Amino acid sequence: MRWGVSWRSRGRPEAPPIACSERVGSALRLLAVDEHARSQGVRPGHGVAEARAICPLLDVVPSDLAADQRFLDAVADWADRYTPLVGMDRPDGLFLDISGCAHLFGGERALLDDCLTRLFHLGVDARAAIAGTPGLAWALARHDSGHVVSDMGADDCGDIIPSLPVAALRLPPADVAALTRVGLSRIGDLIGAPRKPLARRFGPLLLVRLDQMTGIEEEPVSPRRPVAALTAERRLTEPVVSREAIEALTGQLADSLRPSLERRGAGARELELQLFRVDGAVVRIRVGAARPLRDPARLRGLFAERLAAVHDEIEAGFGFETVRLCVLVFEPLDAAQADFSGSAEADETLAALADRLTARLGADRVLMPQHHASHVPERASSLAPFVEGGTSGPGPAITHAAARPVRLFRHPEPVTAVAEVPEGPPVTFRWRRSHHRVTRAEGPERIAAEWWIDGEDAPARDYYRVEDDSGRRFWLFREGLYERDVATPRWFMHGLFG
Amino acid sequence: MRDTINRLESTLPKTRQQAMAADFAGETQDAVMLGLPPLDGALGGGFPMAGMTEIRAAESRDWGAACGFAWVLAAMLLKHQPRLGGALVWIAAADARAEGGEPWMPGLSGLAPGPRQILIVHPRRTADALWAAEAAAGTAGIGMTILELRGNPGCFGLTESRRLQFRARQAGRPLLLLRQTGEAEAGAAPARFHIGAAPAGLRRLPDGGRLAGSIGRPAFAVTLEKSRLPAPLSLILEWNRHECRLDIRPCAAGHAAGSGQPADSRPRLSASADGPHRADAMGRVLALPRAS
């Protein structure tokens, strides 16, 4: 059963009343009902059988709480357009900290109207309010939607709070019921009452909630995702779809970020491009740089590579209406002076190339070799993502005389080998279904396992460098020793020599 | 009709000739003498510094030799042209790595000294590898690019090959195309080497003799398949790490195991030959009466 997202703005299709059920204890109860069902007298909390008796046509759907939470996350993503500080109020609410953001939308009232209108056209029946404290905003949104209380000290505020029901205090249902039972149904009944008996009887939470609503106690909104250090955004009257247009916009945004970065003497290390689609979906594209960057052309180039890589996965739909560029991480950027050999420049171009490759291929595919103090060949050298200034060259000159192969198999490949004497080098061996006759061999070079990693029972390896009759040189090893280990030693191919 | 043909010929090949002239112009501007007269001559006065050079191994068993030769070549170019020392980009395709192992730095640096910085790229697809190679070849400050491919992928045709050659020639840097188990196919690279394995030399002893049965200097069976010469040129080259150069091994002593006089020559067991207690051949010919 799909009605599409716009049925709220276009009108409800001809359908029976609908409700969501949830299992509470051993009974099926209604969790939510639509307006149609509500008009027939069905309420949340009714048992399914009872509701069916009231309204026989009722269509009961099992609730999907995970999907509800995903939807709330999507709305929170969408709400990033108003403020970077979006906090979750599960299961059904969002807190937006709009301090310092409202003027961008033409004031608080305009912001609220814009938000509610857009949500309505997205097919969401939302209620919202603006107030000086999260507590009051929560209460107003649920009991008096559309309200804007901009100044907490005004008389207006003094009128509103006492008239709200105690259910607006974000208290557990049992506490609300206890308060109502003793006749305290409005917040006004509580404000004037002595605090000590209230705390003794109803617990400290009641007073905390009351103070949070009136602003005596501070309540921070914890943002859902880390707040970007710097942000530049562009709202478009005509949505953009094409990659070129997005790239051009990114360049403009990077240009407008440059003065702020220059003032801080910093360059961006991690950036995120947020694309707000017309229908509310948000696409985030993140790129990292190997060294701090400030140059708009380079930033634009990075995003161009990334967009080229992911553009097929992005569904532009009817286009993106807001484009935002955030600097997530920045680092001090010192203008480097090139030395006479121009090697600073060379380093810079290598970092630029690494950035381009990383943006297109991913960080795990642009690597630099790193050396470790280990005898075990697999651990002697590893690959790590490229970072500026990391050690990457061939490393210290080889100190031991033993030769090492130029290609190493990540997993040694088993071979069947025949040796003249058990501890000797192989005479013939069979690798990948082809037969090799060994003409010369050097070895063994015994490499013991690292007991602090592999455990004490790990077998040692005897490495041989062998050459077959056509001159190919291989690195073979026998795992396990005849005199010591119980299992029969096996032969493996581990590398190819140049 | 003859006029038409002449007219067509006068327009078409001109562009091709120009392109070829440009190909060779870029190549002769800047070349490094490898110290191997036959090879330098065949390459037109030294190894081209600008442009693409293909190195292929026919079988994946010879892959080690091909990689070793490419690295040795890189070290020689680096010695003669220190400006290449900045960085090397090694683009290793996934299938080539799975079949032939990873390029391993301890072994490579043991074979020959390398550049200051190395960037290893693991592209997901061949198209990504080509893109990365083009980006690396076109970036100033990248000394050399090694592009490793397996076989003859369909998406790397003459057009793509020309494009890479163009880009490398413009940047004035070498680009080595390492092809694993690749067939000889027409490409834009002016030179193509076929690398096979060759028996290594024997280790030298302090008294000037050779140690029998030892594996000494690595050797490569190099065939210059495509060059200005009409016929391919085959050489066996031995790598001398200390002097950073390749030596031509005389063809007569092609089998290194037999070359030189071993210092500690041991009496070898005589090979078993037609001795008196040889096993009989299977079956005997008997004069059985014909059963007619």
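Chain letters run A, B, ... following the sequence lines, proteins first and then strands; every chain starts at 1. Nothing here was measured: the structure is a model prediction, and the numbers come from that model.
Counting non-hydrogen atoms of other residues, nucleotides and ligands closer than 6.0 Å to CZ of Arg379(A) gives a total above 12. The local environment of CZ in Arg490(A) is sparse, with at most 12 non-hydrogen atoms from other residues, nucleotides or ligands closer than 6.0 Å. More than 12 heavy atoms of other shown residues, nucleotides or ligands fall within 6.0 angstrom of atom CZ in Arg217(B). Open room surrounds CZ on Arg125(B); 12 or fewer heavy atoms of other groups in view lie less than 6.0 Å from it. No more than 12 heavy atoms of other residues, nucleotides or ligands lie within 6.0 Å of CD in Glu420(A), so this atom counts as exposed by the packing criterion.
Looking at heavy atoms from C-beta onward, Met368(A) lies out of side-chain contact with Gln117(B) at the 4.5 angstrom threshold. Residues Ile120(B) and Phe386(A) fail the side-chain proximity criterion, which asks for heavy atoms closer than 4.5 Å.
Separating the CZ atom in Phe409(A) from the CD atom in Glu99(B) is a distance of 7.5 Å, to the nearest 0.5 Å. Here the straight-line distance linking atom CD of Gln180(B) with atom CZ of Arg407(A) works out to 7.0 Å at 0.5 Å rounding. Interatomic distance, Leu367(A) CG to Ile118(B) CD1, rounded to the nearest 0.5 Å: 12.5 Å. The structure places CE of Met105(B) at 8.0 Å from CG of Leu383(A), a figure rounded to the nearest 0.5 Å. Summarising the geometry, atom CG belonging to Leu357(A) is positioned 7.0 Å from atom CD1 belonging to Ile91(B); distances are rounded to the nearest 0.5 Å. Arg61(B) CZ to Ser470(A) OG: the interatomic distance, rounded to the nearest 0.5 Å, is 6.5 Å.
For the pair Arg472(A) (side chain) and Ala197(B) (backbone), a donor-acceptor distance under 3.5 Å is absent. A distance-only check finds no donor-acceptor pair linking the side chain of Arg365(A) to the backbone of Val121(B) [under 3.5 Å]. Although no hydrogens or angles enter the test, the distance criterion places a donor-acceptor pair under 3.5 Å between the side chain of Arg440(A) and the main chain of Ala200(B).
Interface summary for chain B: among Pro377(A), Gly495(A), Ala380(A), the most heavy-atom pairs under 4.5 angstrom belong to Pro377(A). Heavy-atom pairs under 4.5 Å with chain A were tallied for Ala65(B), Gly100(B), Cys67(B); the largest tally goes to Gly100(B). Of the residues considered (Arg465(A), His411(A), Arg473(A), His436(A)), Arg473(A) shows the highest number of contacts with chain B, using heavy-atom pairs under 4.5 Å. Contact count versus chain A (heavy atoms, under 4.5 Å) is highest, among Leu111(B), Asp62(B), Ile195(B), for Asp62(B). When Gly138(B), Ala135(B), Gly101(B) are compared by the number of non-hydrogen pairs under 4.5 Å with chain A, Gly101(B) comes out ahead. Per-residue counts of heavy-atom pairs under 4.5 Å with chain B were compared for Ser381(A), Ala354(A), Pro405(A); the largest is that of Pro405(A). Across Pro218(B), Ala221(B), Ala98(B), the residue that shares the most heavy-atom pairs under 4.5 angstrom with chain A is Pro218(B).
In this structure, the portion of Trp131(B) lying under 4.5 Å from any heavy atom of chain A is its side chain and not its backbone. For Thr439(A), no part lies under 4.5 angstrom from a heavy atom of chain B. Residue Leu108(B) touches chain A through both its backbone and its side chain, counting heavy-atom pairs closer than 4.5 Å. Interface remark: Ala136(B) contributes backbone and side-chain atoms alike to the contact with chain A (heavy atom separation under 4.5 Å). With a 4.5 Å cut-off on non-hydrogen atoms, Ser214(B) touches chain A through its backbone and its side chain both. Neither the backbone nor the side chain of Ala92(B) has a heavy atom closer than 4.5 Å to any heavy atom of chain A. Of the two parts of Val72(B), neither the backbone nor the side chain holds a non-hydrogen atom closer than 4.5 Å to a non-hydrogen atom of chain A. For Ala132(B), the parts lying near chain A are the backbone and the side chain together; criterion is any non-hydrogen pair under 4.5 Å. Looking at Ala309(A), neither its backbone nor its side chain comes within 4.5 Å of chain B, counting heavy atoms on both sides.
A cation-pi contact, defined as under 6.0 Å to the ring centre and within 45° of the axis, is absent between Arg404(A) and Trp104(B).
Nearest approach of Leu353(A) to Ile142(B), heavy atoms of both residues: CD2-CD1, 3.6 Å. Between Val406(A) and Gly68(B), the shortest heavy-atom distance links the atoms CG2-N, 4.3 Å.
Taking the charged nitrogens against the carboxylate oxygens, Arg432(A) and Glu59(B) have no contact shorter than 4.0 Å, which rules out a salt bridge.
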